[in-house]
Structure formats: C-alpha cells, structure tokens
Amino acid sequence: MVTEVLLFIFMILGLIMYIDFKRQFGFWQRKKIAFLPPSFPMGNISEILKSKVHFGYIIQNIYNHMKYSGDYCGIFFSRNPVLLVLTPEFAKTVLVRDFSYFEDRGVYSNESIDPLGANMFFLEGERWKRIRSKLSPSFSSGKLKTMFHTISDVGQKFVSHLKPFAELSQDIEVYDLFARYTTDCISSCAFGFDANSLKDPKTDFVKMGKKVLHFPKLKALKIFFAMGFRDKAKSLGIRFNDEDVQNFFLKMVHDTIDYRNRTGFTRKDFVQQLMDLMNDNVDESDKITFNEVAAQIFGFYFAGFDSSSTTLAFTLHFLAYHLNVQEKGRKCIASALEKHNNEWSYDLIMDMPYIDAIIDESLRINPPVPTLHRIVTKDYTLPNGASLETGTLVVIPSLAFQRDPDIFPDPLKFDPERFCKKSKNFHPFSSLPFGGGPRYCLGMRLGLLQIKLAIALMIHNFDIFPSENSVYPIKIDPATLIHAPDGQKNINFFDYLNFIDIDMSKLVHRDISPFLRSVRNFLLGRKHTNALRFEDDIAARTQPPPTLPDGPSHRFSANYYLSRDPRREVTNPNVISAQKLIPDGVKRTKLPTPGTIYKWDEH
Ligand code: HEM
C-alpha cells in the first residue's frame, strides 16, 4: 500500500514537473524569437549527461545549427531559458554597449558557507564594481613590470628543469608540467611564496589547484544544478569549493598577512597590495575585509592557474606540429634580443609581435574558456521589441565564433599570420579568449606575460617535436569546467611532447640491441657507423677548403707562357710496371686478395 501511495505521489510530481517544463518551453515562442526545440528534462543540452562531449562543443553545435537565425536565438538549459548570441556585433552590444543591463555573470556561489565565493569572478553588482576598481591598478603594466623579475626567475628555473629531459630526449607530459610552472608563477606573484612545484610536483598548492576546477562527475552535476537553480541550491547548502580547499587558502592568506604584520616584512606582490587596501584610510564600509582579501587571492588562483597552463599546453602542442612557425618565432626572439642588449626584460617580452600572434592563434582555436556568461540585471528590450526579464541567462559562444569558417576560413588550421596582418579582417569581437567589456579578464596581462615568457624561453632554448604518444588534434577532456587537454584518465591521451636540445651530439641513437651491436662490430672488425641515418653523423654539406700543395703556376712571377704550354709537358709515359702474362700450360695459383681493410671510420 505504502509503495503504491509513493508511486502515486511520484507520478503526480512527475506530471506537475512535465507540465511546468512544457509551459516553460514555450518561453521563446511567446517572445517570437527563433529557438531550438528543447527536450525534457535537459532542454537543448541533453548530451551533458553523457559526459562525452565538452560543454563548449555542445554550444558550438547549437550555434552552427542556428547561426543564420539573426543576432540571437533562444535555447534552454534544462527548464531555464537562455539567450544565445549569434553574431560578434551583438556580443559587443551585450558586453560593452548595453553592459549596464548585463553586469553579472550569473554563476553560483554561496558565500555564507563558502567565503572564497566572494572572489571577483563570482561577485555581483555594486560589490563587484567596488572590488574591481580597487584591484585594477594592481594589474597595470607598471605593477607587472615590478613583478617581472619574480616571474622571470621561475622562467629560468623552468628552463633548467627542462634541460635534462632535452639532453636525454625524454618525453614530457606538458599539461602537468605547465600546471606546475603557473603554480610557481602565481604563488610567487600572489603570496611572495615559492611553491617549488617544478621540483616537487606533490606540493599542496598543485593538489589544491587541480581540485578547484577538476570535479568528479557527481560534483559537476551538482554545480550544474546549482547554476540553473541558484536559490534552491543555496537553501540546500550546495557549495562550490570543497572544505579542504577553503581551509587551505584561508590559512595560507591568514599566515602570510599575520607574518607580515608581525615582522613588518613587505614585498611587491598581490597580498601586499591587498593588505595596503585593508589598511587604507577610507570609510569603514568601503574597507576591504580579510575574507574579501582571501577570496580575491583564491580568485586569481581559480581564474589564472588552469587557464594559463592549458593555454601553454595547447600552444606548445601546436608548435611541435608546426616547425616553420617555431623557426619564425626563433627569428623574432633573436631580433628582439638584439634590440634589447640580449637581456630578458619586461620590455623584451612586450616586443615580440610574432610570439603574440602564435599565442593569439592558439587561444583562437583552443580558448580555455569556451563560452562567456552574463545574466540580465535589469529588464532589457531586444532589437525585435521583445523584453528579457531580469535573471535571464545570456551566453556568448566564443569558441563557436572562433571556429566559424565564415569568420576564420579553414578554422582549424593553425596560422599565426591571421593575427599578423596590419588590418585584421575580422570583427574585433569574434575572438574573445579573455572576454570583453568592463568585465573582461582582469589578469589578462599577467597571464599573457607568463605564457609569453615560457613560450619564448622554450623556443629559444629547444627544438620541440611531438613524441610517439602525441595525438593531433589534441584530445579534450569532456568533463572539466574549462576547455582543457585530456590528461586525467588514459595515458595515451596525454599530450607528450619531445624536447630535443639543439646540441644533437648528446643524443642517444636508436639502434639494434647492445648484444647484436657487439656481434656486428666483431664481424665487421670495426665500430659500425650508420653514416646516412642520423643528422649528427652525416658529414656537413659545407666542408673546409682543402689544403693542397702549391702547383707549378701558383706564382704570377713564375707564370710564363713558355712554362705553361702543355704541349711541352707531354712526354711518353714512364713504365712503372709491366704486365706479366701467364704462359700457356702453367697452373693458376690463388688470385691475390687486397690485404688489410682500409678503416674509413678512423680517418
Ligand atoms: C591565458 C590565461 C587566461 C585566460 C584565457 C583567461 C580568460 C578569462 C575569461 C574568458 C574571463 C571571463 C571574462 C568575461 O566574462 O568577459 C576571465 C575573467 C577573469 N580572470 Fe582570467 N584568464 C586568464 C588568466 C588570468 C590570470 C592569470 C588571472 C589572475 C591572476 C585572471 C583573473 C581573472 C579574474 C579576476 C576574472 C574575473 C573578472 C571580473 O569578473 O571582473 N585570469 N578570464
């Protein structure tokens, strides 16, 4: 009886839900806006449940389907209506022109139980404006210039870390490597603290960094639910950051601030700048609190760590498969070094236009953030006269724009020249890897600085080749929040690259086994060299000029017509040996052999 009652209640609830979804699915039709027919219960993104395709590509498919429908169209994330922007021009309207209607991102956070949720990426309204205006000066080019030596130290350590791999021509799992490089960069810029993860990959910093954005499936679904039903998720106490991540960051910031207050130690990093803001002589209500400081530091980590390391991994992967681009990059670095007295400085990094183009092109094909999100913050009237109510989500499909053949012909071709042309022939809002408008990426300059430095140092010091385990195009992990290479489950999907040091003489050549090698050498009577197989064994094309003895006419003073007349030098040949004929009837003995072998390799 109880089961039947429960079944009845479930059926009634299911029916109510179905009717509610049906009514909701008429949302765009009522507004006379083109829309993609949704299905129960996931709307237009049912594929998300299968976890086989990344969210960015699900949106790209919808965009490709709807892109000739005008400036925008309607879609559904489960029962929630979402306005999908279809043209770069309308993206500009949302991000810049009518920004006051689309100020917030609409992502879920629950500050009451998760204080790190007060970071700038999640903040909304006036509070976001206040914190953004206070923090923007920390990312000015002047401030970054003062931090350059910190990043450059990490860069030099990075090259030393790579050298042994290069010398032995060993494969490297680059995604993991760059995660450690960016961890060291951000930890030293934010905390003035050397996380030392290049040497010790098991540091808490790397572990926590990976935990921030790489969720297990169940948590990913929980967050997805929370994004769609923000109020319900808050009342259910769903949190974005795990408790151990939260405790780790709060303790780290607390200990750093406490130490500096006690000792009076100062350093040019973000903690110091935020501490100065905490101690500012301003109105109490305008003061920045400890939790806000901790949340911002966490936000830099959250927004900067994975995005920078994935960009590096994608860019290096492209470079490994495009040796001509590597070569051109090397020339660009050489000419910049010449211009800047061979000194790796901030100005040098800013003066490498081709390296900029390489990174722009890599970010175009593989943006770490594949969609930009906004929420309507006050009722907005669309160009067709329909009104969008406060709270409606708006999505800008940046990956789809960046891979649209109508905007970028042959979109998957890696061609940095697209960004070199003086008059780029695409709309400025069609490539948006850092977002746009007043809410664009605050750390763009810092991110680009650490990426450019690492790429320039790598091209300058090494040749980069794909290894046997590399795959092209790179495989994408469908289950992460950001658009990142697959490196979690299957070793074959790892992006291994092979750095080969330019000093080729240290390479160990591929050959038969050592035993067979010794048998071969024994049978040959000398050490075998396969002179045509490996580059460093092949004779150089340009050889030094021969040192020949002087000839009879090398001096002009001795150069008379009489002595140069060849007719006078022709005489009967001298007989050196006469051939002995074997007389008839003589028995032939064994023919003579050439004697000892001439050892070519020893001369
Ligand atoms: C290649 C590296 C990076 C990429 C591709 C990237 C991309 C983005 C994107 C697409 C957004 C959203 C923009 C929008 O909605 O219009 C964003 C926001 C943000 N990023 Fe980055 N980012 C990178 C590096 C960094 C770094 C290194 C930091 C800090 C240290 C950082 C801090 C932030 C912050 C604080 C926001 C929120 C800005 C706001 O809402 O006002 N990012 N980033």
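Just so you know, ligand 1 is whichever comes first in the structure, and atom 1 is the first atom listed for that ligand.
Of the protein's non-hydrogen atoms, the one nearest atom 13 (C) of ligand 1 is Arg439 O, 3.5 Å. Shortest contact from atom 33 (C) of ligand 1 to any protein heavy atom: Ala303 CB, 3.4 Å. Of the protein's heavy atoms, Phe434 CE2, 3.4 Å lies nearest to atom 4 (C) of ligand 1. The closest protein non-hydrogen atom to atom 39 (C) of ligand 1 is Arg132 NH1, 3.4 Å. Of the protein's non-hydrogen atoms, Phe121 CD1, 3.7 Å is the one closest to atom 37 (C) of ligand 1. The protein heavy atom nearest to atom 27 (C) of ligand 1 is Gly304 CA, 3.5 Å. Of the protein's non-hydrogen atoms, the one nearest atom 8 (C) of ligand 1 is Cys441 CB, 3.6 Å. Here the heavy atom of the protein found nearest to atom 24 (C) of ligand 1 is Ser307 OG, 3.5 Å.
Considering Lys129, Arg127, Arg132 in turn, Lys129 is the only one that fulfils the salt bridge (charged side-chain N to carboxylate O under 4.0 Å, His left out) rule with Glu103. No option in Asp98, Thr392, Val394 other than Asp98 meets the side chain to side chain contact (heavy atoms under 4.5 Å, CB included) test with Tyr380.
At least one heavy atom of Arg105 sits less than 4.0 Å from an atom of ligand 1. Not a single heavy atom of Gln296 lies less than 4.0 angstrom from ligand 1.
A cation-pi arrangement is absent between Arg105 and Trp128, since the terminal nitrogen or guanidinium carbon is not both under 6.0 Å from the aromatic centre and inside a 45° cone about the axis.
With a heavy-atom cut-off of 4.0 Å, Met120 touches ligand 1 through backbone and side chain alike. The proximity of Arg374 to ligand 1, defined as any non-hydrogen pair under 4.0 Å, is limited to the side chain.
Taking the six-membered ring for Trp and the full ring otherwise, Phe426 and Phe419 have centroids separated by under 6.0 Å. Less than 6.0 angstrom separates the ring centroid of Tyr63 from the ring centroid of Phe401. Aromatic rings from Tyr321 and Phe414 are positioned such that their centres are separated by 6.0 Å or more. Phe298 and Phe248 have their aromatic ring centers separated by at least 6.0 angstrom. A ring-centre distance under 6.0 Å is found for Phe122 and Phe302.
Within ligand 1, the atoms closer than 4.0 Å to a non-hydrogen atom of Ile451 are 1 (C), numbered from 1 in the order shown. Residue contact check: Gly436 has heavy atoms under 4.0 Å from atoms 16 (O) of ligand 1. Every atom of ligand 1 is numbered from 1 in the order shown, and the set under 4.0 Å from a heavy atom of Leu446 is 30 (C). The Gly435 neighbourhood of ligand 1 comprises atoms 10 (C), 13 (C), 14 (C), 16 (O), with distances under 4.0 Å to a heavy atom of that residue. Close approach to Thr311 involves these atoms of ligand 1, each under 4.0 Å from a residue heavy atom: 1 (C). Contact atoms of ligand 1 toward Trp128: 39 (C), 40 (O), 41 (O) (distance under 4.0 Å to a heavy atom of the residue).
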Requested in this report: May I have the step-by-step check of side-chain contact (heavy atoms from CB on, under 4.5 Å) for His317 and Phe314, ending in yes or no?
Outcome: CA-CA 5 Å; His317 188 264; Phe314 283 134; 5.6 Å; no

Query raised in the report: Step by step, would you call Tyr354 with Cys420 a side-chain contact (heavy atoms from CB on, under 4.5 Å)?
Result: CA-CA 7 Å; Tyr354 193 68; Cys420 288; 3.8 Å; yes

Query raised in the report: Going through the distances and angles, do Leu312 and Leu316 end up as a side-chain contact (heavy atoms from CB on, under 4.5 Å)?
Result: CA-CA 6 Å; Leu312 274 166; Leu316 202 74; over 6 Å; no

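Using a 4.0 Å cut-off between charged side-chain N and carboxylate O, Arg97 and Glu89 make a salt bridge.
Among Pro438, Ala91, Gly443, Pro433, the residue whose heavy atom lies closest to atom 7 (C) of ligand 1 is Pro433.
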